[in-house]
Amino acid sequence: MKKQSYQFEYEEYNSMEELNAEDALLLKLAKEETIHAYAPYSHFSVAAVARLSNGQIVKGTNQENASYPVGICAERVLMSTAASLFPGMAISTMAISYKSSTIESNKPVSPCGMCRQALAEFEDRTAGAIRLVLGGETGAIIVVNQSRQLLPFNFGKEDLEKS
Ligand code: THU
């Protein structure tokens with residue numbers, strides 16, 4: 001038996017003012033974009049805004065449904081949109097924020113497990129790491145250099161291939 005460990009480094013900022021200008025802009029756009037979420041059930045409006053490697057900005061918001069599991073998270077709406085409008089283009093940075101009518105948005109949001117899986121495959125298929133900038137309306141901001149760091153031992157395409 002060998003003991004193994006998994007560690008990764010991330011950055012934590014106290015406020016938007018500490019971010020570089022490009023990240024601050026993306027997070028600002030994500031905060032503004034929550035208005036386009038459709039979240040009548042959770043009242044938790046999420047927006048993801050990405051800068052692609054060609055410089056284009058693409059946005060997505062969560063879209064819920066009366067049949068709850070049909071709803072889709074902001075991150076996956078964004079990735080589907082990016083892949084459809086700009087096939088094969090990598091996402092350099094994705095900022096994610098949220099607003100809620102029932103709870104305070106004063107700490108970073110973190111992508112759900114399903115989105116982490118989708119993010120990892122998006123990185124693979126575009127051969128590019130996705131930086132994540134995670135923030136609420138106020139409070140600390142977390143920057144992760146590569147989204148797959150949030151999903152160690154992820155299941156992927158190679159698991160379906162003969163070894
Ligand atoms: N949600 C997202 O869109 N992204 C996240 O990172 C976390 C959760 C959505 C799903 C659902 O519409 C609502 O937020 C509450 O879970």
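Just the heavy atoms: all of them, side chains too, but no hydrogens, waters or symmetry mates, feed the values below. These figures come from a predicted structure and were not determined experimentally. Whatever order the structure lists ligands and atoms in, that order sets their numbers, starting from 1.
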List the atom pairs, donor and acceptor, that lie under 3.5 Å between side-chain atoms in residues 146-155 and the rest of the protein, sequence neighbours left out.
{"unit_1": "Ser147", "atom_1": "OG", "unit_2": "Glu123", "atom_2": "OE2", "d": "2.9"}
{"unit_1": "Arg148", "atom_1": "NH1", "unit_2": "Asp124", "atom_2": "OD1", "d": "3.2"}
{"unit_1": "Arg148", "atom_1": "NH2", "unit_2": "Asn154", "atom_2": "OD1", "d": "3.4"}
{"unit_1": "Gln149", "atom_1": "OE1", "unit_2": "Gln146", "atom_2": "N", "d": "3.3"}

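Ligand 1 does not have Ala39 within reach: every non-hydrogen atom of the residue lies 4.0 Å or more from it.
Taking a cutoff of 4.0 Å between a charged side-chain nitrogen and a carboxylate oxygen, Arg125 and Glu121 do not qualify as a salt bridge.
Other residues, nucleotides and ligands contribute only 12 or fewer heavy atoms inside 6.0 Å of the OH atom of Tyr10. Atom CD of Glu32 has more than 12 heavy atoms from other residues, nucleotides or ligands within 6.0 Å.
Nearest-heavy-atom check against atom 14 (O) of ligand 1 across Phe44, Tyr38, Tyr98, Tyr41 picks out Phe44.
Nearest protein heavy-atom neighbour of atom 9 (C) of ligand 1: Asn62 ND2, 3.5 Å. The protein heavy atom nearest to atom 3 (O) of ligand 1 is Ala74 N, 2.9 Å. Of the protein's non-hydrogen atoms, the one nearest atom 7 (C) of ligand 1 is Ser110 O, 4.4 Å. Scanning the protein for heavy atoms near atom 10 (C) of ligand 1, the closest one is Cys73 SG, 3.9 Å. The protein non-hydrogen atom at the shortest distance from atom 5 (C) of ligand 1 is Glu75 OE2, 3.4 Å.
Against a heavy-atom cut-off of under 4.0 Å, Ser42 is close to the following atoms of ligand 1: 13 (C), 15 (C). Less than 4.0 angstrom separates some heavy atom of Pro111 from each of these atoms of ligand 1: 6 (O).
Closest of all the heavy-atom pairs between Ala74 and Gly60 is CB-O, 3.8 Å.
Ring-plane geometry between Tyr41 and Tyr68 is classed as tilted, the angle between the planes lying from 30 to 60 degrees on a 0 to 90 degree scale.
Checked by atom type and distance alone, the side chain of Thr61 pairs as donor or acceptor with a backbone atom of His36 at under 3.5 Å.
Here's the thing with Ile96: none of its N/O atoms is less than 3.5 angstrom from an N/O atom of ligand 1. Annotation: Glu64 places an N or O atom under 3.5 Å from an N or O atom of ligand 1; distance criterion only.
Between Glu64 and Ser42, the side chains place a donor N or O and an acceptor N or O closer than 3.5 Å (distance only, hydrogens not considered).
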